[in-house]
Amino acid sequence: MLLWWLIGVPLLSGALLAVTGRRADRAAPVAGVLVAVAVLGLAVAAADARPVVDAPLLLAGIRAGFAVDGLSALMVITVAVATLAVLVFSGGDRDLRTSRFVGFVLLFAGAMLVTVTAATLAVLLMAWEVMGAMSWALIGYQWREPESVRAAGTAFLTTRFADLGLYVAAGAALAGGVGSLALAELPSAPTPWLHVVAAGVVLAALGKSAQLPFSFWLSQAMHGPSPVSALLHSATMVAAGAYLLLRLIPLLEPTGWAGPLVAWVGAATAVLLGLVAVAQSDLKQLLAASTCAQIGFMVLAAGAGGVAGGALQLVAHAATKTLLFLAAGAWLVVLGTKQLGELRGAARRFPVVGVTFTVGAASLAGLPPLSLWVSKDAVLAAVLERGWVPLYVAGLAGAVISAVYSAKAVWFVWQPVPARTPAGARAADGRVNAAMSLPLVVLAALAALLGLLPTLASGSLAPAPAVWELVLSGLLAAAAIAVTWRSAARIGAPRPLASWLGLERAAHAVIVHPTLALARFLARFDDRFLDRSVDAAARATGAVARALDRRGEPLVDGAVRAVAVAARSLGRLARRPQTGQVHQYYAQAAAALALLALFVIVVR
Amino acid sequence: MTGASMMNENPGALIPELLLLGGAVVGLLLGAWLPRCRQWLVRLLAAAAALAGLAATAAAATRPGEVAFGTSYAIDTLTHATRAIVLVAVLVALALSVDATAGHRRETEFVVLLQLGALGTILLGGANDLLLLFAAFLLASVPFYALAGWDKSTLGTEAAMKYYLSGAFLGVAMLTGTAVLYGVGRSTAYGPLREGLTVAPVAAAAVGLVAVLAGLLFKVGGVPGHFWVPDVTDGTPAPVAAIVTTIPKIGGLGAMYRLLLVAIPADTIDWPLLVAGLAAVSMTLGNLAAFFQTSVQRLLAYSTISQVGYLLIAVAVAGRAGLAQPALLFYLAGYAITNLGAFAVVAALPSARTLEDYRGMARHRPALATALVVCLLGLIGTPPTAVFVGKLTVFTAAVEGGFAWLAVVAVVNTVASVFYYLRWIAPAFRSAAEQAPPAVLESGGAAAAVSAYACAAAAVLLGVGAGAVLPLLSPA
Amino acid sequence: MTLELFLLLAAALFAIGLYGALSQQSIVMLMMGLELMLNGVIVATAAFWYFVAPGGADGQVLIVVIITAMAVEMAAGFAVVTALYRARRVDMTDDAADLKG
Amino acid sequence: MLSLIVFLPAAAAAVLLLVSGTAPRRVFIGAWIAVSAIDLALVVAVWLRLVPGGGFQFEQRADWMPTVGISYHVGVDGLSLPLVALTAVLFGACAVFALRETRRVKPYVTLFLGLQTVSLGLFVALDLILFFLFFDLSIVFMYFLIAGWGHGERARAAALKFFLYTFLGSLALLLGFILLYLAARPHTFDIVDLIAADPLAGGGVYAALTLFAVGVGLAVKTPTVPFHTWLPPAHTEAPATGSAILAGVLLKMGTYGFVRIAMPILPDTWRQFALVAVVVGVVSVLYGALVALAQTNLKRMIAYTSVNHMGYVILGVGAAGILAGTDEQARQLATTGAVTQMVAHGLITGALFLLTGVLYDRGHTYDMAAYSGLAARTPVFAAVFAVAAFASLGLPGFAGFIAEFQIFTGSLSAAPVATALAVTGILITAGLFLLAVQRLFLGPLRIPDAPGSPRPFADLHRSEIAAIVPLLAVATVIGVLPRFLLDVIEPASRALVELVAR
Amino acid sequence: MASIVLFWVLAVAALVFGFLVFRLDSMARVTFALLASFLAVAGLVLLLGLGYLGVVIALMMVIEMVIMAVFMIMFMMNPAGLMPMSMVHNKTGSTAIALGTFVLLAAGILLVDWPSRQGSPSPDPTFALGEALMGGQMLTMMTLGVALFATIVATVVLATARGRYDRLGDDLRAPRADDPAGGGVGR
């Protein structure tokens with residue numbers, strides 16, 4: 001029952017708010033926060049009680065099962081916290097104090113909660129897709145802006161493309177005899193289907209997590225409000241992919257290929273998208289790319305089988321990234337810009353935001369003793385345990401790069417306030433109100449302290465990173481920061497990196513444009529050819545008739561033109577014998593009768 | 001089989017026919033003494049005769065079948081059904097012609113000619129001997145020639161001329177065929193003829209059969225004896241057109257069915273294929289030619305040609321499909337009532353001659369428009385009208401009799417026919433610009449309209465109640 | 001005197017009549033063609049009776065039927081021509097061809 | 001009971017015909033709403049008393065034409081009852097929606113009541129001829145609705161095409177029925193008897209031809225590629241309610257025919273040619289989705305998505321006929337999904353068509369390029385449309401997902417490649433619906449300046465909300481709590497799958 | 001022998017006169033040519049032993065042709081053949097069809113294996129005919145009778161311009177028939 005409440009409360013209250021519309025705008029922010037608090041309470045309770053429930057869904061075997069186990073417990077709390085933080089923060093933003101926004105956020109969070117507690121593929125897929133749709137609604141929240149709308153579409157379509165993998169996986173699981181579609185039973189599918197299931201799951205997870213080659217949608221998603229980004233990038237949506245992979249490590253293992261593939265994709269994303277982040281001049285874009293890169297570590301962990309490391313990374317990153325996005329959002333609200341160049345001195349002018357941002361960035365950079373430093377090394381330890389040295393090296397490179405871009409961001413905001421206000425930026429008279437600051441502080445604390453979690457729950461982290469690894473990564477991070485600090489202003493932005501490796505253009509060129517072209521071609525085909533050939537037989541016969549009667553005038557009725565023309569010709573032909581002349585009737589009748597007699601004689 | 005022992009000249013077996021004849025003779029005499037405006041008595045007498053004939057038919061149908069007047073006249077289910085359908089058609093024709101003929105100086109003759117023609121048609125259906133067949137052909141033809149020219153208009157007389165010339169020419173063919181069949185079969189009675197034909201030279205028998213069929217095709221208006229149909233239907237008043245496109249078909253098809261089934265061994269002449277071909281050509285030609293007609297009567301004329309095509313399917317499978325006879329007879333009944341209904345609508349709007357004249361009909365004459373739609377959809381074969389059951393049984397019989405291809409042709413044709421029926425329905429339901437009914441939609445009288453309603457209702461009821469009727473139509 | 005000879009004669013008369021029926025414009029002349037065709041049929045019928053089935057009377061009755069038919073059709077034809085002539089002052093088939101199509 | 005449900009609207013129509021046409025239009029539409037409500041209540045009563053898995057229930061059988069094996073035979077089971085309910089719901093919605101209809105209300109209402117009888121009758125018919133009767137009459141009624149209340153001259157052309165095309169299909173169906181009738185000993189048109197007899201067991205050319213005729217007839221109505229070309233013009237030119245019924249109910253007649261007639265009566269042949277159905281289904285899915293994607297006319301677009309959605313149904317029933325390499329559960333899932341999809345599509349697309357009717361009512365064009373940013377002016381309309389669009393693109397939480405998910409998972413083992421291809425259909429539909437929502441409602445405001453402007457571009461009226469929202473609500477309930485529906489369908493689809501496998 | 005000669009003479013006569021029907025210009029001559037052809041055929045029928053029928057044909061045709069001659073003269077232009085004229089259409093086609101028909105028929109006649117003769121003529125064919133007419137074919141004759149009756153009604157309807165109501169008023173009460181040209185016995 002607890003679990004039903006956990007997923008029911010946000011979903012129902014969210015749906016209620018979303019449906020109520022403007023009438024509830026006034027009460028929405030408060031209601032949202034209250035619900036979020038309730039959810040957090042439920043989440044904690046659920047994490048403690050570890051409930052398992054289910055209900056019949058489709059055919060007898062396929063049930064709507066939910067369960068909270070270790071991984072889920074961690075996730076539900078993370079999700080609840082992130083949601084609460086985001087709702088509290090957005091309460092301070094005038095544009096977001098609508099029941100529509102709060103409703104969608106709650107629905108979104110509810111869907112994520114369902115995702116992380118789902119025990120069967122069917123329910124997981126449902127929540128997974130709802131999350132995608134809600135991301136559309138949230139990214140496109142400012143629907144009058146064509147860019148946000150387009151960004152929303154891109155996000156939804158890209159993730160849905162990946163979701164197709166889950167549909168196929170579900171089918172393949174059923175084909176493979178896993179009639180219940182239970183996640184736990186998926187690995188028991190026989191070979192041909194096992195691979196299909198794994199491939200589908202991997203595709204879906206990579207798409208949701210904006211791993212290569214799907215990363216571009218996350219860049220677009222920055223058009224949404226900052227709290228949305230915070231939610232999307234931290235505990236939900238992109239994290240869902242990583243969560244799914246972590247949850248289904250037992251499925252990846254027996255295939256032989258899925259683990260290494262996933263690991264390599266994760267590592268590649270960590271490195272390449274890290275470089276992309278370095279090249280960004282827009283703070284939110286930088287953070288977005290860094291999200292991809294950081295999620296890459298989780299994916300790497302999943303590929304290497306390091307559940308604990310991956311989960312830790314997930315939680316730590318959630319706290320950190322929520323913090324960073326909210327900070328960026330706060331600046332965006334008060335300063336009206338998110339360009340790094342225009343944010344010079346922002347931290348000095350808004351010290352609370354600046355400090356918390358710096359804490360978050362330091363964590364992101366992997367500076368000891370902050371949370372991501374630990375979690376990253378936990379992931380890398382899992383990789384190393386496998387003996388995948390190249391991957392380990394790549395991971396370290398990724399870590400170094402993350403230090404570089406974190407340092408770059410921090411460098412900018414702590415620069416002295418420029419003398420003249422950049423054009424287009426809002427006059428700096430805004431204040432960061434309490435609703436915004438409170439979550440920042442809390443999150444900063446979390447981001448800093450979550451690294452201690454494994455030590456609290458002693459021994460739960462396996463394999464634990466060796467001391468030398470921790471030291472090595474800490475040193476590398478520090479060194480990278482030091483180097484960056486001095487050259488931050490000169491970091492260039494190579495085109496491919498600045499434009500997110502051109503992934504979106506590639507997607508357009510490879511998938512969107514051909515599809516549209518095919519669609520247009522087929523539409524023309526449908527109109528011009530298929531429609532007209534409705535009665536090709538009649539036309540063929542009609543050809544002779546038309547030769548006899550060329551005067552066939554164009555018919556008003558365009559739709560049935562081809563048939564009609566043919567029919568008209570035939571109709572005229574059929575009327576030709578009726579000349580009105582009796583002697584011609586006679587001749588025709590006589591000839592016809594003679595033919596009939598001959599016919600009868602011949603066929604006999 | 002022969003001679004006196006079987007000789008049955010009991011006139012009691014022919015009560016319906018005699019009633020018709022008596023009605024005609026008495027009616028003619030009566031009419032000679034009646035004032036012009038009291039000629040409706042003759043019509044009443046004719047109706048009474050027809051009703052009495054129906055009662056007699058019903059009574060006779062309960063008795064087992066027999067052969068009367070030597071072997072020349074068969075009284076069986078086919079004959080009973082022919083009688084019943086023709087008599088009902090006569091009743092409808094009497095009703096729907098009231099508006100056009102009441103008080104006319106030749107009203108009496110109209111009624112009498114109708115009765116005589118109907119009598120000939122019934123005899124056609126029962127004829128079991130080539131000689132009687134031709135005599136009945138003659139009797140079923142001449143009165144209708146006169147009906148065609150009855151109104152003495154320029155178009156009506158032209159129609160009569162064409163009708164007559166077609167009939168004379170194909171009548172000659174029919175006599176030729178009779179002579180040839182007699183020559184190779186040594187008899188004109190169907191039973192002995194069949195024995196004679198089993199050993200007869202095929203070529204001569206084929207020529208004879210085709211020539212005899214030519215006359216019957218003239219009666220039913222099937223290709224190649226169809227040339228008169230459009231011209232006569234178009235040139236005559238709607239009641240006459242209704243009569244000549246409906247009544248002769250009933251007996252003609254019955255005669256064809258009996259002739260082929262009883263007298264012509266399919267082993268000698270492949271008549272099923274012949275009739276199937278005729279059916280296919282008839283329905284196709286009729287439908288195609290109807291496509292772009294603008295005159296409603298001409299359109300209906302071609303539609304009757306196509307309907308003959310469907311009816312011929314049942315003839316083609318005579319003896320090869322159990323359903324052939326009930327299918328034929330039921331379709332005939334449904335066709336007769338539906339076709340008369342459509343013509344009744346035309347008769348009710350005597351000024352509307354083209355499809356475009358019917359524009360706005362639904363608004364100004366909603367009931368009549370409904371009747372029209374029911375009848376036209378009925379002719380298409382939309383369930384649950386009678387023609388649908390007819391088509392269903394006919395198609396079933398066709399497939400059962402090995403003519404699946406013919407059923408396919410019929411299906412395609414049915415779809416094609418929808419087009420021109422809809423060309424008529426569509427303007428009727430288009431809103432007319434003006435509020436007042438246009439002049440062309442002025443009523444021609446209540447009788448035709450009432451007949452139209454009755455026919456439309458009957459077409460549906462017959463379809464719905466087909467279950468009760470069909471068992472009566474199977475061969476005993 | 002054989003059946004074939006009679007039949008050939010009948011066929012010849014029939015063909016001549018057919019030619020007349022097809023080629024004559026005047027309705028009455030056309031009717032003559034039809035009569036001539038029936039003339040041939042009479043010959044054929046009589047021959048069939050004599051050479052094939054002399055035992056029965058069907059052939060004879062057929063001839064009676066043919067003669068009656070000739071009379072009936074003649075009468076009907078004249079009546080039609082009269083009516084047509086009264087209505088439109090023509091007696092040619094070609095001139096009465098308003099109904100077509 | 002069933003006969004009452006079926007003929008109540010017709011009786012009401014007959015009574016209404018006697019009422020003068022000058023009576024206030026509320027009388028007619030009120031009567032229609034009342035009749036629909038009663039019908040719906042009766043259907044609910046039947047639903048509550050139905051024993052799932054109990055075969056045909058509420059059967060009534062009376063000889064009609066015993067000599068040709070035709071009887072009046074009606075009954076419902078788990079396959080037909082959901083569709084009966086769908087029909088009742090949709091007609092109720094259309095009745096409410098019609099409150100704003102002003103043109104010739106009397107014939108409009110009587111035609112719709114007639115159509116209601118016909119539609120309900122088709123889904124309860126257990127005799128082929130009875131089925132055909134309703135099948136054919138649906139064409140006739142719909143023809144008059146399109147021609148009479150459509151958009152002008154083109155509507156008549158579209159109606160004509162609709163009539164001719166679907167009539168050809170119905171006659172092909174009739175030929176197939178005749179072949180079935182002749183194959184059975186004793187000859188009968190009774191569906192139950194035919195299923196029991198399995199007259200064409202063993203296949204052969206005759207059986208193949210029979211299935212071909214039946215299949216073509218149903219495929220035209222469904223419609224599947226390449227028999228779909230009547231659909232876009234018919235939908236585009238039809239009035240909103242007509243489109244809703246056409247898409248929501250009439251298209252189902254085709255697919256229902258597959259599960260009621262083609263599959264159980266011709267199991268061997270169905271299995272033999274199941275792959276054809278699968279291919280046709282997949283082609284319809286992709287083709288319909290792609291062509292819809294390229295449309296600029298909103299109603300045409302939705303019409304093509306019908307082709308797409310019906311393609312899933314065909315895929316599902318086709319997969320149910322492939323025994324090799326599948327287990328019964330998968331086939332059953334595919335069948336259940338196919339039936340669920342019929343219901344889901346009826347509700348969702350019905351709502352969408354009613355919404356396009358609203359759009360046309362306000363802007364007098366379906367051209368999406370003429371609109372933009374309507375959400376500013378008509379927030380409720382935008383929200384309802386967006387919900388309907390997301391429901392239609394198969395978002396979980398709505399009925400469409402439940403259906404499509406079952407079809408995909410059930411079909412994959414039978415036809416892996418085809419299903420994998422078909423899955424991409426949901427991506428394309430997602431794209432096109434997003435595009436449509438984006439073009440119409442989002443971005444800066446733009447309203448077509450049709451003649452007669454300035455016109456208020458009003459938001460949804462109360463009657464429109466009352467018509468459309470319940471449809472989406474039902475779709476949502478099915479999407480969230482599908483058991484009440486699946487409990488009815490599943491036993492029947494199990495029985496069907498067993499019949500196909502025999 | 002004599003019968004053979006007679007056959008040929010009559011056959012040739014029937015054909016020649018028949019042919020002349022469509023070659024002569026004068027309507028009167030045409031009519032009589034047709035009559036001659038009929039008479040020749042009547043002779044042939046007599047030759048085959050059907051005395052009664054031969055005579056009937058001859059009588060019938062004489063009457064018919066006389067009536068026809070009257071009609072010819074009534075309606076047709078050029079009744080006396082004063083000027084040569086042609087009133088034919090589609091001569092080529094007609095000729096082709098007629099010749100074709102003849103060729104086909106003749107080929108058929110010569111190729112077909114006609115049935116052999118069965119039975120023999122009754123001693124009195126006329127009596128046999130009468131027996132048939134009063135026996136097995138009675139209904140045929142009755143029908144023909146009714147057909148003649150119908151023909152009378154039909155021809156009257158078609159051919160008369162004025163009916164009883166024109167002559168005697170709508171209630172048939174006129175004391176005198178109103179005829180444009182007086183008629184009847186009392187003239």
Side-chain angles (χ1 to χ4, degrees), chain B residues 3-4 7 9 14 21 24-25 28 31-38 68-73 103 105-106 109-110 112-113 116-117 119-120 123 127 129 131-132 134-136 138-139 141-147 149-150 152 157 160 183-186 188-189 196 199-204 207, chain E residues 45 75 94 97-98 101-102 104-119 128-129 131-174 178:
Chain B
M7 197 70 73
E9 293 173 12
L14 295 183
L21 177 62
V25 173
L28 188 67
W33 307 105
L34 280 177
R36 179 163 173 170
C37 55
R38 308 255 307 266
F69 289 90
T71 58
S72 64
Y73 199 65
R105 58 201 176 89
R106 298 218 186 271
E109 285 84 345
F110 183 94
V112 168
L113 287 170
L116 289 172
L119 173 61
L123 290 170
D129 185 305
L131 296 171
L132 179 59
F134 183 79
L138 216 51
L139 178 56
S141 298
V142 175
F144 292 135
Y145 303 155
L147 276 184
W150 178 79
K152 302 287 184 63
T157 48
V184 292
R186 291 202 181 85
T188 57
V199 294
V202 174
V207 170
Chain E
V45 172
F75 288 122
S94 310
I97 291 176
T101 308
F102 178 73
L104 285 177
L105 286 178
I109 288 163
L110 295 176
L111 291 176
V112 162
D113 180 19
W114 294 101
S116 59
R117 188 177 197 195
Q118 274 184 9
L129 172 63
E131 207 172 44
L133 292 184
M134 287 299 112
Q137 297 294 351
M138 184 171 171
L139 188 60
T140 307
M141 295 324 287
M142 286 163 61
T143 306
L144 284 178
V146 180
L148 286 169
F149 169 68
T151 308
I152 294 166
V153 179
T155 47
V156 168
V157 166
L158 281 175
T160 58
R162 299 167 56 78
R164 52 189 180 277
Y165 302 113
D166 301 307
R167 300 176 63 233
L168 298 172
D170 281 351
D171 49 3
L172 302 179
R173 295 269 173 85
D178 170 26

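Every chain is numbered from 1, with letters handed out A, B, ... down the list of sequences. What you see below is based on every heavy atom in this structure, not just the backbone, and it leaves out hydrogens, waters and symmetry mates.
Looking at T188(B), only its side chain comes within 4.5 Å of chain E, counting heavy atoms on both sides. There is no contact between M141(E) and chain B, counting heavy-atom distances below 4.5 Å. For L21(B), the part sitting under 4.5 Å from any heavy atom of chain E is the side chain, from C-beta outward, and nothing else. Contacts of A204(B) with chain E are made by both backbone and side-chain atoms, with heavy-atom separations under 4.5 Å. In this structure, chain E has a heavy atom under 4.5 Å from the side chain of R186(B), while its backbone stays farther away.
Top candidate by heavy-atom pairs under 4.5 Å with chain B, chosen from T151(E), V156(E), L148(E), L111(E), is T151(E). Of all the listed residues (L14(B), L139(B), V112(B)), the one sharing the greatest number of non-hydrogen pairs under 4.5 Å with chain E is L139(B). When each of A154(E), G169(E), G108(E) is scored by its heavy-atom pairs under 4.5 Å with chain B, the top score falls to A154(E). Looking only at heavy-atom pairs under 4.5 Å with chain B, the residue among V157(E), L168(E), I109(E), L144(E) that has the most is V157(E). The most heavy-atom pairs under 4.5 Å with chain E, out of R106(B), E109(B), K152(B), R38(B), come from R106(B). The greatest number of non-hydrogen atom pairs below 4.5 Å with chain E, out of A24(B), S141(B), A32(B), G196(B), is found for A32(B).
Partners of S72(B) by side chain to side chain contact (heavy atoms under 4.5 Å, CB included), not counting sequence neighbours, listed by chain and number: F69(B), D129(B), L132(B), L139(E).
Taking OG1 of T140(E) as the reference point, atom CG of L138(B) lies at 12.0 Å (rounded to 0.5 Å).
Under the side chain to side chain donor-acceptor pair (under 3.5 Å) test applied with R36(B), the options D166(E), D171(E), D170(E) reduce to a single match, D170(E).
Not one N or O on the side chain of R164(E) forms a donor-acceptor pair closer than 3.5 Å with the backbone of W33(B).
The side-chain heavy atoms of L158(E) and W150(B), taken from C-beta on, include no pair separated by under 4.5 Å.
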